[in-house]
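Throughout, protein chains are lettered first and strands after them, A, B, ... in sequence-line order, and every chain is numbered starting at 1.
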There are 2 protein chains.
Amino acid sequence: MPAARRTAARNATLGDVAKLAGVSIATASKAINGREDVAPGTRDRVVAAAAELAFSPNQLARSLIAGRTGTVGLLTSDLEGRFVIPILMGAEDAFGAGQVNVILCDARGDAIREQHHLKALLNRRVDGIIVVGRQTDPRPSLGEQPVPVVYAYAPSDDPADLSLTPDNVAGGRLAVEHLLGTGRRRIAHISGDPAYAAAQDRTTGVRAALADAGLELVGDVAYNDWSEHWGRDAAAMLLAAHPEIDGIVCGSDQIARGVLDTLRDFDKRVPDDVAVIGYDNWEVLATQSRPELTSIDANLQQLGRAAAMRIFEAIDGADGVDGETGEHRLPVRLVIRGSTIARR
Amino acid sequence: MPAARRTAARNATLGDVAKLAGVSIATASKAINGREDVAPGTRDRVVAAAAELAFSPNQLARSLIAGRTGTVGLLTSDLEGRFVIPILMGAEDAFGAGQVNVILCDARGDAIREQHHLKALLNRRVDGIIVVGRQTDPRPSLGEQPVPVVYAYAPSDDPADLSLTPDNVAGGRLAVEHLLGTGRRRIAHISGDPAYAAAQDRTTGVRAALADAGLELVGDVAYNDWSEHWGRDAAAMLLAAHPEIDGIVCGSDQIARGVLDTLRDFDKRVPDDVAVIGYDNWEVLATQSRPELTSIDANLQQLGRAAAMRIFEAIDGADGVDGETGEHRLPVRLVIRGSTIARR
DNA sequence: TACCGTGCCGAAAGGGATTTCGGAGTTTTC
DNA sequence: GAAAACTCCGAAATCCCTTTCGGCACGGTA
């Protein structure tokens with residue numbers, strides 16, 4: 001069978017380096033790792049030998065001793081990779097480039113596959129596991145594990161776990177405050193599946209911000225699903241019932257795209273007549289619409305970073321000290337584009 | 001500092017199991033791994049002990065002996081995760097669930113970061129590396145490495161490497177053949193950046209299929225970039241110059257979305273007046289448009305699967321046998337939706 | 001009884017690196 | 001000139017598991 005190219009060169013071991021430098025393995029190790037008790041001349045010889053053999057230490061052997069691998073498992077069912085990639089990047093960055101590597105496992109929404117992956121990750125002795133949910137609803141806890149587990153994006157249903165989630169209430173609030181700031185007063189809200197905690201939380205934020213300004217939502221919240229189709233339909237119904245609206249807060253960028261479509265069909269100018277704000281800041285949707293979509297960004301990269309840091313804090317902390325638990329809501333961010341403020 | 005929950009329970013080692021079962025470590029190993037020369041009674045005792053201690057073998061130690069880790073590195077700069085996630089899933093699946101794990105590294109288009117990640121992967125003794133490009137243009141080779149390297153999606157610029165790419169020529173051809181099959185004869189082509197090999201290849205396929213039917217493209221190929229904006233503008237120009245067209249092959253789903261927008265502005269019905277076909281089958285775009293978008297799917301999951309298999313073939317093959325090289329084009333697939341065939 | 005074959009089990013080596021601790025060699029001190 | 005104090009270096013243990021191979025005990029055969 002055909003196969004891929006590679007060189008035959010075996011990796012040099014510390015023993016090879018030691019032999020070439022004419023020292024013991026122990027000394028070679030010390031020299032390379034910058035430990036003391038090595039004469040400068042000896043160190044130079046070892047370093048030169050290591051360079052000549054292109055020696056790079058076997059992380060497996062290292063991890064075996066250290067009891068730490070410098071890897072974290074990322075367990076997800078996010079088929080799109082929309083949430084998981086930024087979180088992965090954040091985790092990679094938590095401790096300088098190349099310190100931490102991420103083993104990404106896609107469970108595809110299958111509990112059995114998830115268990116398989118979990119076991120594989122533990123066997124590989126990952127230092128911790130980040131569980132990324134598909135949506136912001138609570139998901140089943142993995143229970144007690146021999147390594148720290150952090151739930152990201154979707155919280156665990158067990159309050160004894162640590163969950164890091166985006167603050168959807170603040171997001172809803174932020175959206176409305178921005179619209180108010182641009183002078184809108186007659187604001188409606190179109191969202192997705194009301195069974196999602198995310199939908200409820202965002203709505204809560206929306207209402208709260210309006211209440212603070214002495215205003216109320218125009219019409220009821222239009223819930224259904226997170227699709228563009230729904231955005232189109234909902235906007236049509238909304239315009240029929242309340243033609244006076246001047247701002248629409250959408251539960252997702254997809255919904256917002258649909259809303260924009262319908263507004264164009266109704267000859268409403270965006271943002272002049274109606275301002276539209278999305279949610280998720282999914283670049284491919286938000287920056288390609290006309291006009292481009294103002295949106296709420298969940299700061300997922302920061303969330304991934306925080307998750308990784310929590311894991312290593314848990315390890316470094318004294319054993320047996322159970323860390324922080326419960327759901328922590330991380331701040332979100334407003335990204336302003338043309339759908340709320342006209343280009344000058 | 002706060003940290004995540006975990007149990008204090010240290011992982012049981014094979015030694016613990018052996019002690020509990022009252023046998024030697026060697027016997028415990030044999031019993032657990034189903035090797036011979038173990039009396040049934042002994043085996044049962046060991047297995048029971050292992051279960052009691054929730055023993056799971058340390059993959060690190062295993063890998064150290066075996067010289068194989070069962071991991072592959074996925075090196076990418078695909079910030080979206082659009083290409084890399086399906087490829088990752090395919091690689092995971094190449095050998096049954098949980099056999100292979102993938103360490104995903106995002107280089108973010110930075111060569112230095114890529115080198116860092118490469119080194120980290122090699123230190124972790126991955127069994128092979130899959131390099132996923134951002135676009136289908138050739139990318140710099142990593143050169144000779146101690147493990148097999150396969151380039152996926154984007155080929156390497158070194159023909160001595162093995163590259164697996166989607167067959168863009170066949171994709172262009174498939175698109176046109178489908179349109180011809182629905183009775184279209186006046187077909188135009190709007191594509192992205194002409195500097196991309198993908199754009200050129202798709203165009204080649206488009207022209208070839210038309211030529212086979214004794215037809216020619218209506219107008220020139222409209223190249224620019226891969227955006228919705230361009231799709232909208234190009235479609236407007238196209239309709240102005242050639243109002244008679246009845247089919248448009250687009251270089252990406254984003255372009256197709258823009259084209260659909262403009263067609264609606266021009267009161268052209270899709271698919272009745274004009275059929276539109278996209279490229280990439282990016283679900284979130286293709287299934288949310290009105291009508292839903294027929295598109296060409298690059299079968300990335302299969303591509304990832306193939307890449308992983310090549311890696312392990314290269315390992316299993318005799319050392320020093322350089323495997324297959326060059327760029328291999330994998331078949332693509334037509335996904336039919338409402339933009340080319342009216343719903344019954 | 002002496003011998004051989006078979007069936008089970010365990011001691012030990014090995015995989016690659018780190019770390020401790022003792023010892024050899026050199027310099028300082030009285 | 002002997003004791004004390006440093007420098008450097010290396011043997012060996014350790015991490016956890018797999019695998020080889022020698023050996024013990026038992027039953028069967030001559």
Among C:dA17, D:dC8, C:dC8, which nucleotide sits nearest the side chain of A:T13?
C:dA17
Rounding to a whole Å, what distance do you find between B:R43:CZ and C:dC9:C1'?
13 Å
Taking OP1 and OP2 of D:dT19, is either one under 4.0 Å from a side-chain nitrogen or oxygen of B:R35?
yes
Side-chain donor/acceptor of A:R305 to backbone N/O of A:I87, under 3.5 Å:
no
Atom pair distance, as rounded to whole Å: CD1 in A:I25 and P in C:dG15
11 Å
What is the separation between atom CD on A:E36 and atom C1' on D:dG10, rounded to the nearest whole Å?
17 Å
Indicate yes or no for a side-chain donor-acceptor contact from A:N33 to the backbone of A:R35 under 3.5 Å, with no hydrogens or angles considered.
no
Is A:S29 close enough to C:dT19 that one of its side-chain N or O atoms is under 4.0 Å from OP1 or OP2 there?
no
Given 3.5 Å as the limit, does a donor-acceptor pair link the side chain of A:D157 with the main chain of A:S141, or not?
yes
Residue met sooner reading DNA chain D from 5', once A:R125 and A:R45 are mapped to nucleotides:
A:R45
Taking the side chain from B:R124 and the backbone from A:T69, do they hold a donor-acceptor pair closer than 3.5 Å?
yes
Take atom CZ of A:R124 and atom P of D:dC17, then tell me their distance rounded to the nearest Å.
15 Å
Does D:dG10 have its OP1 or OP2 closer than 4.0 Å to a side-chain nitrogen or oxygen of A:T27?
yes
Test item: A:S77 side-chain N/O and A:G109 main-chain N/O as donor-acceptor pair under 3.5 Å:
yes
Interatomic distance, B:N11 CG vs D:dC16 P [rounded to whole Å]:
9 Å
A:L14 atom CG is separated from D:dG10 atom P, nearest whole Å, by 12 Å
Atom OG in B:S156, atom CG in B:L164: separation rounded to 0.5 Å?
12.0 Å
When we call it a touch if two heavy atoms are under 4.0 Å apart, what does A:A39 touch: a base, just sugar-phosphate, or nothing?
sugar-phosphate
Would you please confirm or rule out a distance under 4.0 Å between OP1 or OP2 of C:dG15 and any side-chain N or O of A:N58?
no
By nearest-heavy-atom nucleotide on DNA chain C, the more 5' of B:G22 and A:F55 is B:G22
Whole angstrom is fine here: how far is it from CG in B:N33 over to P in C:dC9?
16 Å
Does the B:S63 side chain pair with the main chain of B:Q59, one donor and one acceptor, at a distance under 3.5 Å?
yes
How many whole angstroms separate atom CG of B:L53 from atom C1' of D:dC16?
15 Å
When you measure from the side chain of A:D127 to the backbone N and O of A:G70, does any donor-acceptor pair fall under 3.5 Å?
yes
Decide salt bridge (charged side-chain N to carboxylate O under 4.0 Å, His left out) for A:R108 and A:D78; before the verdict, give the C-alpha distance in whole Å, the side-chain angles of both, and the deciding distance to 0.1 Å.
CA-CA 7 Å; A:R108 288 161 232 192; A:D78 171 22; over 6 Å; no
Kindly say if B:S24 contacts the phosphate of C:dG10, meaning a side-chain N or O under 4.0 Å from OP1 or OP2.
yes
So, with a heavy-atom separation below 4.0 Å from DNA chain C, the residues of residues 59-68 of chain B are B:A61, B:L64, B:I65
Can you check whether A:L64's main-chain N or O pairs, donor with acceptor, with A:R125's side chain at less than 3.5 Å?
no
Sugar-phosphate or base contact per nucleotide [nucleotides 21-28 of chain C; S, B, -; heavy atom under 4.0 Å]
--------
